[in-house]
Amino acid sequence: MGAYAIRLRVKRMWAKACIKPKANRKARKRCVKESYRHRNVIERFFGALKRFRRIATRYDKKAANFAGFLWLASLLTDQF
């Protein structure tokens with residue numbers, strides 16, 4: 001799924017897309033830098049959570065156990 005398809009899907013949900021435009025794009029799309037910075041922090045946070053095998057593979061079967069370990073792992077990750 002390309003950036004255009006994602007933008008279209010987000011627009012249908014009445015939300016705002018925060019996708020950095022490519023330099024060689026014919027029709028330039030705008031991106032608010034502040035929103036993009038926040039998005040970057042969130043993506044790095046989820047990347048850090050994936051270091052925990054239990055979260056990445058959904059090891060726990062019960063939702064309460066998974067949520068509990070998710071809270072614990074988020075506390076153990078470095079602050080961005």
> Around R58, counting heavy atoms of other residues, nucleotides and ligands shown, do more than 12 lie under 6.0 Å from its CZ?
Replying inline: yes
> Considering residues at least two apart in sequence or located in another chain, which fulfil the side-chain contact (heavy atoms from CB on, under 4.5 Å) criterion with D60?
Replying inline: R54, N65, F66, F69
>> Just verifying a value: how many Å separate L70 CG and L49 CG, rounded to the nearest 0.5 Å?
In response: 6.0 Å
> Among all residues two or more places apart in sequence or in another chain, which pass the salt bridge (charged side-chain N to carboxylate O under 4.0 Å, His left out) test with R51?
Replying inline: none
>> For a side-chain contact (heavy atoms from CB on, under 4.5 Å) check, start with the C-alpha distance between F45 and I42, then their side-chain angles and the critical distance, and finish with the verdict.
In response: CA-CA 5 Å; F45 174 71; I42 292 169; 5.5 Å; no
>> Evaluate F52 against L72 for side-chain contact (heavy atoms from CB on, under 4.5 Å), listing each step before the verdict.
In response: CA-CA 11 Å; F52 295 93; L72 179 63; over 6 Å; no
